[in-house]
Each structure stands twice: as C-alpha cells, then as structure tokens.
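What follows is a short report on a single structure.
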Amino acid sequence: MKKWEVSKINKELAKELAFECDVDPFVAMIAASRGYDDPALLEEFLSDEPMFSDPFSLTDIENAVACINEAIENDELISVYGDYDCDGVTATALLYSYLIKRGARVVCRIPDRFSEGYGMNKTAVEELHSKGVNLIVTVDNGISCFDEVAFANSLGIKVVVTDHHLPPESLPDAVAVVDPHRADDYSEFKDICGVGVAFNLVCALEGAEPEEMIEEYGDLVALGTIGDVMPLISVNRSFVRLGIKRILSGERMGISALMKIAGIDSAAFSSSRVAFGLVPRINAAGRMGSALRAFKLLVTEDEQEAYDLAKEIGEENSLRQQIEKNILDEAIAIIENEKLYLQRVIVVSGENWHHGIVGIVASRICETYGKPTIVLSIDGDLAHGSGRSIEGFSLYECINSAADYTEKFGGHELAAGVTVKKENIDVFACSVNNYARTIKPIVPVLKLDCKLNPVALSLDLFDELNVLQPFGTGNNVPIFGLCGVKIDKISSVAGGKHLKLSFSKNNVSFQAMLFSCSEEAFAFKLDDVLDIAVILDAGTFNGKRYLSIIIKDYRISGINDDDLAQQIADYDDFYALVPRNYDNIAPSREECAVVYKHISRGTVSARAVEQFFMNELGLAKVKIIIDIFVELGLLCRDNNEVETLRVNSGGGKVDLENSSILKRARG
C-alpha cells in the first residue's frame, strides 16, 4: 500500500502560462506543478533548441585534451577503460569510436563484473602495460582509484580520469581528473553521467560544438543517460531528445539490430522504450557474462555481426529474466517463512544467488513490500549483496551504521552494494534494523499529477502531453487518479498473465490494462468501486490509433491518505517493538468476529480482506486481526502468486485472549 499524493495545482497560474507560452492549459498545469511556473522557464523546458554546457567549463578538461592529443600525435597506444553497465559501455563505445576516427591506436578494457568488480584494478593495469599501453583514459570510473593510478604511474603509464561519481576529499594523482562533482568544478549542469562526461571530452578534443557532435554520438549518450537513471532535465533532456532522433535514423547497426530483436516498433519509440527495451539488454551482457559483447554491438559496422550479437544478448536477457524470477521466488519464500517483512529493513540471503542479478531482485522486493531491502548472495565465507531503498530513507547511512560488520560497502541514498562475512549476516541485519528503528517509518508514496474525470481521457490529451517528452527520472510520465470508478468487467488476456478491466463512472465507460496480475491475484470483484492511478499511451490496431490506459496502482475508493500513512506507520512500529500506546490498532472481540465471518465464506486474498475493511477499521487493525487468527491457528496464510487466507478446517475453538499479539497490542 502506498500513500497517494496529488500535486498542488494553481489553475489560474496554469491559464496564464498557457496563454503566455501558447501551450495546452492542461500541459501548463502539469509543468507548473513540476516547478516550471514561470513563462521563461517553461519556454526553455519545452524549447526544441538544444541546451548544452560548454565542455571547457569542466575543470581539468584542457589537461585531458592536451594529454590525449599528444598521445595520438606520438602514435602511443591508448586504452579506454570503462565499466560493465549501460553507462560505462556506451561511454567506452563513444570515446573508442572517436579515437579510432582520429586515427589513434586504441584498445578498450571493460572489467569483468564477477572476477574484477567495478573500476580499475592493478591486474588489469599490468595487463595493459604488457600490451604496450602508454595512456589509460577512464570513463564512468576512476575517481576513487588512488592505488591503481599510482601503480600505473610507477609503470610509466599516464592516466586521464573521466567520471561522474562523487569524489572523495582528495583526488587520484592522474594527469587530469574530469568530474563535474569536483569541489573546484564550476560547470553549470552537473547531473550528467559517465557517457555525458565522455561526450564533453570528445567535443573538446574535436574543438567542435556539442550541437554538431550530438548528431554522430547522440544515440550512445541517450542510451547511457537513460540507463544510468539521470534526471531528464536541462542538458540531459537535450541529450535524450536528440539522441532518440539519432537512434531512429538507423545509422548505428547494433542499436537497430537490438531494437529488432526486442520487437520495438520505431513508430512508437520513446525514452520509455529505451529504458525498458534496450537498457536491460545492454546491461544483461555484463550481468550474465562479458560486457565486451555489448561494446562490440555498439561499435560494429558489420550488419551480420550486429544481428548475431543482438540475438546473443537478447537470449542472455531472457536467461537473466528467468534467473531473476527464480531468485525472487526463493527470496520471497524466505521473507514470508521468516516473517522478514515485519522488519524495518528486509535483509534476505541465499546460497550462490547470481551476483549480477541480486540488485534487480532487491528492487523488486523493495517495490513489493515498500521497505528498504538488501539481498545477499552467499559464496563461501563471504556474502556479496546489493540494496535498494525508498525515497526518504538513506540506505547508505543505514549500512554505514553497521560498518563494523561489513567488509566493504558503497552507494547512495537509494542504492548500495555491500560485502559481509557469512557469519556476520545476522548481526548485520540486526544492526541495520536497530538504526532504522531510530527514525520515523518511511511510507512509500505514489505521486499523482492530478485527478481526472474519465470523460477527459482521449488521444488528443495523450498527444498534447507528448510535448513534455522525453519522460524519465526528474520528468516522470504523468500519472492521473481516476476516483470512484465501478468495475463492470474483468477479462484475462495473454493466457491469464494480465487483466483487461472495464470501468464506468457517470455514464462514461472505459477500459484499462493491469499488467502482471491474474484474476486470482486481483483483490476485487464486479461492481466494486475503486480509485485507480493510470498512465496514458497510444497503440495501433489495423492501422488505426487508439488510447491505451495502463493501471499503475489501484485500491478501494474513499481512502484517506493521511490516515493510511499513519496506519502503515502504526503497524510498522508495532512489529519494530517501538514502545508506545497501541490502543488505536488493538481490535475488539466484535471486530475480530466480523473479519473472521467475512473470511470464513471461502478462500480470499489477504489484500481483498484488507481493502474491504480498510475504511471501516483501518489497515493496521485489519492486518493485526489477520495476524492474530494465523497465530492462533484459526487461519492458514498461503503464499503462491498472491497471499491468500483460508479457515483452518482442523482447528477447534480457541480463546482470543491467548494471543500474544493481542495482549501486546492492548499494552
């Protein structure tokens, strides 16, 4: 369950902006709620004119240019040292392609995710030295590689670092260190990723304007920017908008082949298609084996090689998806059996889970339970893991509080990596939860741009909203709340994998898709009245366009979001053993009887019971009642595709007063 927050809207201001900027009032309203509340700001945001920073505003870039140009002129062997994710691979491909075009002698080096890990390492430096490399240029890494840079220096290898990660207090002893987050960097826009920094370097090397160079390298910059989840504002907005045009030109064989393998229709291509269709496949190469295959795909000029590599990477992505599902199923079974979902931070571990996939699994679990999650893969005496968090809870600070029980860790607020000894997993989990108990529970939030009357839904509305493209982090796809809509029909599609739902309100009928949900997993029935959160898309059938409405969240109608947030926090506090009064969620015998009677009619989903009684009793109290019944053996809780509840036919009469949960709730 998430708290729904509707953006604050100033309709009068929106009207003024619409008039001043000659845009649809609805577009102006959404843009204003996102901070573009001044005509100049809005016109700049919506402008087709490219917005780029001066590459030479990046500190140390002149030294980097001089060093690289000297190496090219002296016919020295240059190594582009990249990374195995989408940002690192595209940055490697971009700089490599440019240097080859300049006639340089170049080799590229992308470390192996499993045997080498992120960043430079001394073994790789030694290997490059043996090949006669005179200069290493890092992309998307290097800012913290003090020992490795020093080692390269000792071998007579010059190093130029280009990175975008936050630097430590001091910098590596490289010829040049180009990073927009340097304390002494005064470039105007700093939220560019590794490929963005590499692009600026190439512009500086060529002595050309970014507007000129984007025509050749925009596709790679767009891929990496979206892949690294950069905010799609300002410079990044130009990167992606112009990069998508380059992708659609079909001039880069590898990307065209990957689109074909992924079944992506160029007619409906967008930043979302990049994020969900191309980026996972680029990342799969590094997650499932060598990222060099993705690099080769992006630089090849051979059509057959491009197709073969795209096919291989596509198959790897399918395998990744299956392994991800297997690990996720195992992890959720452990979470449910050990009731880890009652913890403030979920820490779940398993033997030999795929290191390249645990981060994705952590993200899925975090989304499922609405709690920060760390997934650990045990391999021998060590457990390597990855974590994901929810907005407002710093996972980095949380892990840092348990640093005594880690071997190494790193990351930021919403994502982190960590290594712990197998013997320390339990104490590590205890420590991070002790930290989490010291701060107020964080409730997951779904942000709605506005509430809509279904009569406003149309293709024209979708087309008007497209002026806000490209969508992504920092400029999300608009989400609308459709409240008080009645379910008229429930239909399974795609062999039961998805649902097509028919709704109506005030004599207006419409259909919406709910993906990855079967009829068994759906908590509602015909004539139930829901609030649904949706995004809009467009499809084509028999040459005709139609509006597609996609459900992102749904719930029983009439929920008070402030009350819901408090209920979630109350339930969380109760099981986190926060000392306080819980009279507000302690159920009476009568309330327990009403819920039991409802469940005793047959097997029902836990979510359906929670939603049915939510407005009457409150979410926390309903969940407590269910927990009491399970504790006393009155109910069985089954977890397959969906959590279901059924009366235990073998159970006899029990006394509610024997429930330890009820006793504790009553203080």
Within the structure provided, determine whether [X] and [Y] are in side-chain contact (heavy-atom separation under 4.5 Å).
| X | Y | answer |
| --- | --- | --- |
| Asp570 | Asn584 | yes |
| Ile226 | Phe276 | no |
| Phe524 | Ile556 | yes |
| Leu656 | Tyr596 | no |

Consider only side-chain N and O atoms of Ser377 and His384, and report whether a donor and an acceptor are under 3.5 Å apart.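 Distance-only check fails for Ser377 and His384.
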Checking side-chain polar atoms at under 3.5 Å, does Asn326 have a donor or acceptor matched by the opposite partner on Glu330?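 The answer is no; no qualifying pair exists.
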Approximate separation, where rounding is to 0.5 Å, of Ile425 CD1 and Ser349 OG: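 With rounding to 0.5 Å, CD1 (Ile425) is 4.0 Å from OG (Ser349).
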Salt bridge between [X] and [Y], side-chain N to carboxylate O under 4.0 Å?
| X | Y | answer |
| --- | --- | --- |
| Lys2 | Asp553 | no |
| Arg344 | Asp573 | yes |
| Lys451 | Asp531 | no |
| Glu391 | Lys447 | yes |
| Asp561 | Arg555 | yes |
| Glu324 | Arg320 | yes |
| Asp528 | Lys486 | no |
| Lys422 | Glu351 | yes |

Not counting sequence neighbours, which residues clear side-chain contact (heavy atoms from CB on, under 4.5 Å) with Glu413? List them please.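 Listed in chain order: Ser394.
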With sequence neighbours left out, write down each residue that passes side-chain contact (heavy atoms from CB on, under 4.5 Å) with Ala415, or none if nothing qualifies.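 Result, side-chain contact (heavy atoms from CB on, under 4.5 Å) vs Ala415: Arg388, His412.
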Sequence-distant partners of Ser115, side chain to side chain donor-acceptor pair (under 3.5 Å), two or more places apart: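 Asp112.
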Contacts of type side chain to side chain donor-acceptor pair (under 3.5 Å), residue Asp85, not counting sequence neighbours: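 Here no residue qualifies.
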Aromatic rings [X] and [Y]: how do their planes relate, parallel, tilted or perpendicular, breaks at 30° and 60°?
| X | Y | result |
| --- | --- | --- |
| Tyr554 | Phe522 | tilted |
| Tyr435 | Phe393 | perpendicular |
| His355 | Phe114 | tilted |

Residue Tyr405 excluded, over 12 heavy atoms near OH under 6.0 Å: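 Open: at most 12 neighbouring heavy atoms sit under 6.0 Å from OH of Tyr405.
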Around atom CD of Glu367, are there more than 12 heavy atoms of other residues, nucleotides or ligands at under 6.0 Å?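 At most 12 heavy atoms, drawn from other residues, nucleotides or ligands, come within 6.0 Å of this atom.
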Is the backbone of Gly633 close enough, under 3.5 Å, to the side chain of Asn648 for a donor and an acceptor to pair up by distance?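 Checked: pair present.
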Exam field: side chain Asn424 to backbone Lys421, donor-acceptor pair closer than 3.5 Å: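 Here the side-chain-to-backbone pair does not exist.
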What pairs of residues pass the side-chain hydrogen bond (donor to acceptor under 3.5 Å, both in side chains) test when at least one of them lies in residues 609-631, not counting sequence neighbours?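 Residue pairs with at least one partner in residues 609-631: Tyr571-Asp627, Tyr575-Asp627, Glu591-Lys621, Glu610-Lys623, Asp627-Arg637, Glu631-Ser659, Glu631-Ser660.
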Can you confirm if the aromatic rings of Tyr546 and Phe541 lie within a centre distance of less than 6.0 Å?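 No.
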Can you give the donor-acceptor pairs under 3.5 Å from side chains of residues 499-508 to other protein atoms, not counting sequence neighbours?
unit_1, atom_1, unit_2, atom_2, d
Ser504, OG, Asp488, OD1, 3.4
Ser504, OG, Asp488, OD2, 2.8
Lys505, NZ, Cys483, O, 2.8

